[in-house]
Structure formats: structure tokens, C-alpha cells
Amino acid sequence: MEKNYDPKGMEDRLYSKWVEKKYFHAEVDESKKPFTIVIPPPNITGRLHMGHALDETMQDIIIRFKRMQGYNALWQPGTDHASIATEVRITDELKKEGIDKHELGREKFLERAWEWKKEYGGAIVGQLKKLGSSCDWDRERFTMDEGCNKAVKEVFCRMYDKGLIYKGAKIINWCPVCLTTISDAEVEYKDQASHLWHIKYPIIGTDDFLEFATTRPETMLGDTAIAVNPEDERYKDLIGKKVMLPIMNREMPVVADDYVDMEFGTGVVKITPGHDPNDFEVGKRHDLEIINIMNDDGTINENGGKYAGMDRYEAREAIVKELDEMGLLVKIEDYTHNVGTHDRCKTTIEPLVKQQWFVKMDELIKPAVKGVKEGDITLVPASLAKTYFNWTDNIRDWCISRQLWWGHRIPAYTCKDCGELVVSRTDVDKCPKCGSTNMVQDPDTLDTWFSSALWPFSTLGWPEDTPELKYFYPTDVLVTGYDIIFFWVIRMVFSGYEQMGKRPFKTVLFHGLVRDEKGRKMSKSLGNGIDPLEVIEKYGADALRFTLITGNAPGNDMRFSYDRIEASRNFANKIWNASRFVLMNLEGKTIKEPAENDLEAADRWILSRMNNTVREVTENMEKYELGIAAGKIYDFIWDEYCDWYIEMVKPRLRAENEAAGNAARFTLKTVLITALKLLHPYMPFVTEEIYCIIKDATKDDKLPESIMISDFPVYDEKYGYAAEEKDVELVKEAVKGIRNVRSTMNVSPGRKADVTVVSEKEDILNAFKASEDFFKVLVSAAEVTYQKDKAGIPDDAVSVVVPNAALYMPFAELVDISEEKARLEKEVKRLEGELKRSDSMLSNEKFLSKAPAAKIEEEKEKRSNYEKMLKEVKERLELL
RNA sequence: GGGAUCGUAGCUCAGCUGGGAUGAGCGUUCGCCUCACACGCGAGAGGUCACGGGUUCGAGCCCCGUCGGUCCCACCA
């Protein structure tokens, strides 16, 4: 083994081996329990970023853990066609070649898109593999493959037949750049500095004006009314009167509507039903005309009179100028308001009235609410349920049609002759009503999320009744970011309940965002993104994975920094070197299972610690507390195994005693293998590499050929060495105390000093005796003697106190007495403080009557220890 | 406007359904190239757990309020 762990080359080699051996592949097997995760399909346009890396790592940890636990674990992979993102990308590419999308035509465009998908769509998959993701690649799917298309059509037709999907003219969010509708979820509201223009319209039949304010003067071209609150005394007599819309010279009514807030501005609102969602509602109530003044690209259309052809912002300025000239502009105020923008391209959304397809949400959402409320689906962390309900409680119908080509085409057909609308799973060439063959399919495609919503069952073969579907559905856990809860999670939930009659997953495990070291979101525009592939290249996938998972609680954002990556890399190196040490001592030896009596105190201690760690790690992983479990593994390996156990065992490895050496080697190996297994889900590569090296070197046929198919460790009663664990902990405490003294007294490590252990308790002396071989080495003692009293201890010996024992070293000649006094005084102070705390608890009547008995006992024992230790330290102090 | 979440060591964060902050990593100080590892070892320093109340025998943890940061949602023109 090399001196330093170098992941380069190793990772790809191991990954290929796993794929070749089909370890990732899951088949239906009724004799085993299934455990299923479906991957949140990354976009085919995407390149792996830290968010993916975190998401994939969490899933891989869980799936590897479950696989090792004996579940039939399926991690279903695939990619998303990402309708709009991909279409924009290809359109841009064409533009660079001087080709206009519309001139190219739909069919040719789609050919191009599929080619593109073939060429680049796989890139992200290759990047997932770099992370070590143990997906079942034999089952890879694509949201626009044939099966998914079938599922989409099936769902569309079913919901249409049930009246859950309808077509209608409603006000929708229009992106003038992408030239398509988008759903409410895709609108991102952003504060924008703008103005509030105060304008007045003449009241017909009077010389008076009606003043109001607007943030969008250009929409006045489509105004069809002025509204006031019916309760507003100021305007009561104006209701029913008419005002003149300047520029357009259109007479419009003054209507009364509750929507108007009397407190805001002048209490008067211009109404543009064609370009504002609220005005649209007001318009419906008052039967107002809807005038669309805009073309799809955001320029003013022929309904805008002389402003036709101008861009919406150009028109705004021109209109304000004209109003000013007419003397109708009262004033302009600075004003910041929330503007809806398209989350993809950041263009300001234009509300427009258009014929679109919608999913009716009110009934559909009910099981999705109930499912989470009643615990059929668990959200981790639970607090996100509030966010979830906030959305479900305020849900509006989902606009699903998109004016795009790359996507699932809406399976609706219209007869050009009689206008009949047919929704069908198969192509329709003949009108079922009039028999005409002049049928045209709806040109629109579906929102990307429509197909993603079906992902947990479409990937398992639905609508066919496949064995996979029966066996692997519902899936067990969905791992995703909280930012996608509205887009995807909720839609999968209601789709699962509606189509399958069952939840799509039992648990949703959310993670947060990966931010840069300053806490900023990683983004292209800021240029602060860290490329996971670069990190993997430099430090290895294991280091990246471990960094992303440690110290992070579900749903919390995390900061990424190279300091943390280095810490993880160092951890991998630590294990590597510990293994190197173990291997060195194992080579050429035959390791036998030791007789129970041959196991020494240190062995029992580490086995017991290992056993407890196994339990704690398993418990936390089962709760999806992956960060906590990772921390436990880290501490166990680094602190307990490397820093203590290996040091404890060194003297025995050098000694001649065969049985003792064998027990040490056996324990070293057993604990190492167990620790590697615990760590394997987190750091699959190093653990596999070391595991295989050790298996080969020791020719151990009992070990499976790969750690990833070995059994996850289970808590085992036979390692319940509680008493020995406690004994060794006490010895450790003594070691630390003595080291502390030596360090503060500047005693060089080479200088050996004999230690006398004094305790009136036989079992305490025995505990030290049992640990003597390593104790001696760890505290640089030549001899250790044991006695029940302090007979023969020189007055100026340096002392260390631990519960129930004191340790003495004849250091006097090189110790500054005043310094030793200071040290003991500090110790007195500390112990007095402890005693005080303990006393205040134990003298509290209420504590004694209300606290649990075990707690009281524990406190009493502590108190008695402090008392004894304090007495001892004080005595020493007096002797100096 | 509503909601969520965070405020613990110089920095980044853990802290298990309330029971001594021996918290972790990084940084820092002192001593060590000890035959696995200097990507390391040993020993330290460093915290009024944002603030103010309350519940409790006991609060970093529960409740109320205040301040500060972040995020989500929302039709105030």
C-alpha cells in the first residue's frame, strides 16, 4: 500500500468492477424485501453541480445502506427532457448557425433535439457515475421515452374524461421571450425599483377628473373600466358614470368593487382585464370587455392604436410623455414593487388571456393534503409540512399547455370541419362526429412537470401492469431539495394518489442548498460555483461525498469550502494509513478466532465501543440523520480506533506472546472491517479498496468479494463488555491526566517516570493492572506499582486524580513546586465548582422528589467522587 | 402582509422527544519527523448557547415577546 491514499484511477476501476458484476442491478424477487428510490431526474441540459452532488450522495448512501442490510434495493435512474430549458438551448444553437427555429419547422427541430439529446443527454449520467452512484443503469429511463409518453397520454385522457383536465380561456402567465405560457410555480416574484405614475382621466359630462395611480401606464391601452370601492363616500356618486380614456378616446364605466382598497393611493383603480389577473376577475364580475393589446413578443398590437408595433416599455415612456403633454400626468413617484418574472429567463411576465389547458386542482389536491396530514407520507424535516400546506391551501388550477415543441404533445385533436374536440390515447384521423378526416392535433406540448409527476410509477412500467410496479411501488424515500417541493413533490403526490390509488413514496427527505463559503447561492452569474467534478478529480469522490454529508441536518442549507474538503480527504487518508498499519501486522500471520479469555481489556473495550457505534449509526441512518451517523463513524474511526486502540495494541504486537498477539490482530481486523462497512455507504471507494486488499492479504474466504455486497454490521450482544468499557475509559482518563502533567511540566517524552496507582478499591486496581501493557507505554512509565494506600509516596510526588484512584509520579526534581501548586489549586477550584453544582442539585428537595431515581443516583455517585478527589488534591497541596 | 428558518468557541456548523457545553472541523498556542499517517501525534487556550420574560426541581433545547440574518409564499393598483 502507498503511504498516502490516492483515489486517482482507483475510483473508475472500482466503479467498472461494480457495474460489471451487476451489483447495482435489482430484479423482482419475492423472497426479499424491496427498497426503492427513484432519482430526481437531472435535466439533459444539465451539468453536474453541487446540488446534484449532494442529492445523489444522499441517495447513494441510503441505497447502499439498505442493500447491505439485505433489502432488494433499487435505485431507479433517468433523465428529464426539461422541455423549455432544452428548447431554449437548441434554439440558441440554431441561431448561431443562422437558422430560425420556425423556418426549420417542427419536425426538423425535433429531429435536431433528439440528436442533441443523444449526444449530450448522456453527459450528466457519466458525471453521476463519477460520484459513485449505485443506480441500476440497466433500468435507465427518460421522461420522454416511449413508456413515459404512454403514461402521459394515459393520464391526460383519464383526467380529461373525469373532467380534471379542461381547456379554457383564462388569464395566464406569458413569457414574451420564450413565447410560451408558464405555470404559477414558474413565476418568480422580484422586487423591482420602478415608479408609481399618478394619472387622471376626465369624467364625462363634467370638467372634473378622476385621479389614480398605476405601475404600468402602457396597459391603459387596454383599460375598459375604472373601479372604486362601493363603500367609498368620496366616489359614491361617480359609480355608473363614465370616464374618457385618453389617447384611445374610449368611454369607460366607473364600477364599484370590493377589490379596491380605499386606503391605497386615491382609492381609484384602472381596470385592464386583459393584462392583470385581478382586473381579469373584476372584469368577469362586471362583464367588462377584455382587450388584448399585446403581441406574443411583448410589443403593442393593433388594439394599441398608434402605439402598435412598439415594445411594451417603449410604449410606456411614450404614453407617459403624451399624457404629460395632455396635462393628465399628475406626478411620478419612486416605487418598489414585486414583479413576476420567468424563472428560466428572468423576463418580466406578461399576464394575457389565452385558450390553454388546465388541470383542475381543488379535488385532486385533497388526497395529497390528507396523505401528509395523516402521516401516510412523512416529510423530513417535518417542519416543511407547513410549506407544503401553504401551497396546497392556496392552490390554483395548473396551466399545463406550453407553446413549445420539445415535450409531450397534447393528445387532443380538433376537427377542422365541425370543430369537434377529441382527446385520445391514439392518433385520431377521422372525426367521430362528422366523419371528416380533416383532424389536427393540438400543437402545444405539456409542462415538463406533467411527465415528472408520473416518474415514480411511469419508470416502473405503468400503465402496463408490470411485476416491477407491483413489487417496487410505492417507493420508499424521495430525496430532493426543498426548493422543488411545489414543482415536483406535490405533483408526484397527487398524481400517485390519483393514478395508482397509493402514495408514491413513504418518506420525502429534503436537503437544503449548497452555498459557497460566504453563504451565497452558487450561481453562474456570480461565478462562485464550485465544480464537483473538479473536486473529485483533485480530492476524490469519497472526500466530496463525506464533506457534503457531515455536519448537515435534513433541510438545512450548507456551506461548501475547500477547508472542509481537505478535512474529508484527510479522513480518507487516515483510514488508509490505519489499514496500512493493520495490514502490516496481519501479513504472514494466521488469524484465529481467539478464546474468550485471550481478549484483553483493550480488545473488549474497542469491541464494545464498536458495537455501540454500530447501533447508533444504524439508528441514525434509519431516521435519515445521515450527518449524525457520519459524525459517529468519523469519531469512532479516528478517535477511538486510531488514536486509542491502535496505540493500546502496539506493545502486544511487538511482544512474543502468541495468544495475546492473535487476540490483538483478530480485534484489529474485526473492528477495521466493521468500521469499513459502516463507512462504505459514505465513502464507497476507499472502503472497497482497503477491504479487498485485506481480504486478499489474509486470504479470508469468509468475506464476500466486495464490501458493497457484504452485510451491514448489526448490534451483537456478545460484545456487551460494559464493565471493561468503563474500566478502560477510566484508564484513558488517567492517561490523559498524566500526559497533561508531563506536557505542562515540559517533561520530555523520552524521560520515563514510574507510576504508582493508589486506590482502596480492589477492582479499580485490577482495572489498571489489566491495562498495564499499554498504560505503561502511553504514559512513558518504566514501572507501574499498585497499592491500597499512600504508604511510601513521597510528599513532593506529582499526583493525578481520577474517580476512585490517584496516580503518583516522582517527578519532584524537575518540577517547579510553585507551578505544581498552581496546577493543584486550579484542580481544587474545578472540583469545588463541581461539588457546588452537585450539592445544589442534591440539596434541592424538589429535585429529590421529582427527578428520576436513576438521575439522582448518578448525581450522588458523581458527588462522592468529587468529594474524594477534592480531599486528595487538597492533601497533596498541603504537603507541598 | 403571511409563513418558515437560523442566531452555540475567531470561522463553518453539530447538539439525539429538557438533566453537567470533556461538542466537531478549520484556525490558534505549546511540544513532538514516536518503526500507519506531518493529509500526522500529544497537550492547551477559546463559549453570559442573540436579548428579555415565562413554564419546570432543572432550559441551548419548551412557551411568549424583542432584535438581527436568510428563505418561501402573497393580486394592493
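Just so we're clear, the structure is a prediction, and the values are computed from it rather than from any experiment. Letters A, B, ... are given to chains in the order of the sequence lines, protein chains preceding strands, and every chain is numbered from 1.
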Is there a side-chain polar atom (N or O) of [X] under 4.0 Å from OP1 or OP2 of [N]?
X        : N     : result
A:Lys574 : B:C37 : no
A:Lys386 : B:C73 : no
A:Tyr482 : B:U5  : no
A:Trp638 : B:A36 : no
A:Tyr335 : B:A77 : yes
A:Lys521 : B:U70 : no
A:Arg559 : B:U12 : yes
A:Lys732 : B:U22 : no
A:Lys190 : B:C73 : no

Is [X] touching bases, backbone alone, or none of the nucleic acid, heavy atoms closer than 4.0 Å?
X        : answer
A:Arg739 : sugar-phosphate
A:Asn4   : base
A:Phe212 : nothing
A:Lys862 : base
A:Gly267 : base
A:Phe486 : sugar-phosphate
A:Phe571 : nothing

TODO: If the plane angle is over 60° it's perpendicular, under 30° parallel, otherwise tilted; pick one for A:Tyr562 and A:Phe560.
DONE: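 A:Tyr562 vs A:Phe560 ring planes: perpendicular.
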
- [ ] Could you label the plane-to-plane angle of the A:Phe571 and A:Phe546 rings as parallel, tilted or perpendicular, counting under 30° as parallel and over 60° as perpendicular?
- [x]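 Answer is tilted, since the angle falls between 30° and 60°.
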
Can you measure [X] atom [atom1] to [N] atom [atom2] for me and round it to whole angstrom units?
X        : N     : atom1 : atom2 : answer
A:Arg515 : B:G69 : CZ    : P     : 15 Å
A:Arg316 : B:A77 : CZ    : P     : 13 Å
A:Asn740 : B:A43 : CG    : C1'   : 6 Å
A:Asp191 : B:C76 : CG    : P     : 11 Å
A:Glu640 : B:U22 : CD    : C1'   : 13 Å
A:Asp6   : B:C37 : CG    : P     : 17 Å
A:Ile484 : B:C72 : CD1   : P     : 14 Å

- [ ] Using only heavy-atom distances, decide whether a donor-acceptor pair under 3.5 angstrom links the side-chain of A:Arg580 to the base of B:C37.
- [x]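 No.
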
Should [N] form a Watson-Crick or G-U wobble pair with both distances under 3.5 Å, which nucleotide is its partner?
N     : answer
B:G18 : none
B:G7  : B:C67
B:C62 : B:G54
B:A45 : none
B:C32 : B:G40

Closest listed nucleotide, where the reference is the side chain of [X] and the choices are [options]:
X        : options             : result
A:His337 : B:G19, B:G25, B:A77 : B:A77
A:Ala851 : B:A77, B:G19, B:C75 : B:G19
A:Tyr634 : B:C75, B:G19, B:G25 : B:G25
A:Met584 : B:A74, B:C73, B:A36 : B:A36
A:Ser743 : B:C37, B:A77, B:G42 : B:G42
A:Asp261 : B:A74, B:C35, B:C76 : B:C76

What protein N or O atoms touch nucleotides 15-18 of chain B N or O atoms at under 3.5 angstrom, if any, and at what distances?
residue : atom : partner  : partner atom : Å
B:C16   : O2'  : A:Lys623 : NZ           : 3.4

TODO: Using atom types as modelled and distance alone, determine if a side-chain donor or acceptor of A:Asp223 lies under 3.5 Å from a backbone N or O of A:Ala225.
DONE: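 Side chain of A:Asp223 to backbone of A:Ala225, a donor-acceptor pair under 3.5 Å: no, none is there.
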
Task: A:Lys3 backbone acceptor or donor facing A:Asn577 side chain under 3.5 Å - done: yes

- [ ] Write down the atom of A:Asn585, the atom of A:Phe581, and the distance for their closest heavy-atom approach.
- [x] ND2-O, 2.9 Å

Task: Nearest non-hydrogen partners of A:Leu676 and A:Thr687, listed with the distance - done: O-CG2, 3.5 Å

Task: Toward the 5' end of RNA chain B, by each residue's nearest nucleotide, A:Met558 or A:Asp563 - done: A:Met558

Open item on the list: Go nucleotide by nucleotide along RNA chain B from the 5' end; which of A:Lys826 and A:Ser383 gets its closest nucleotide reached first?
Closed with: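 Counting from the 5' end, the first nearest nucleotide belongs to A:Ser383.
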
TODO: State, with a plain yes or no, whether a side-chain heavy atom of A:Glu859 is found less than 4.5 Å away from one of A:Arg837.
DONE: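 They are in contact (side-chain heavy atoms under 4.5 Å apart), so the answer is yes.
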
Please report the distance separating the [atom1] of [N] from the corresponding atom of [M], rounded so that it comes out in whole Å.
N     : M     : atom1 : value
B:A74 : B:G2  : C1'   : 7 Å
B:U8  : B:A21 : C1'   : 9 Å
B:G58 : B:C26 : P     : 39 Å

Task: Gap between atom OG1 of A:Thr547 and atom CE of A:Met50 - 0.5 Å precision - done: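 A:Met50 CE to A:Thr547 OG1: 8.5 Å, rounded to 0.5 Å.
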
TODO: Please determine, by modelled atom types, if A:Lys860 and A:Ser838 share a side-chain donor-acceptor pair under 3.5 angstrom.
DONE: no

Task: No-hydrogen, no-angle side-chain donor-acceptor test under 3.5 Å, A:Glu333 and A:His198 - done: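 Checked: A:Glu333/A:His198 side chains pair up, N/O donor to acceptor below 3.5 Å.
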
TODO: Compute the ring centroids of A:Phe486 and A:Tyr388, then answer whether they are less than 6.0 Å apart.
DONE: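 Ring centres of A:Tyr388 and A:Phe486 not closer than 6.0 Å.
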
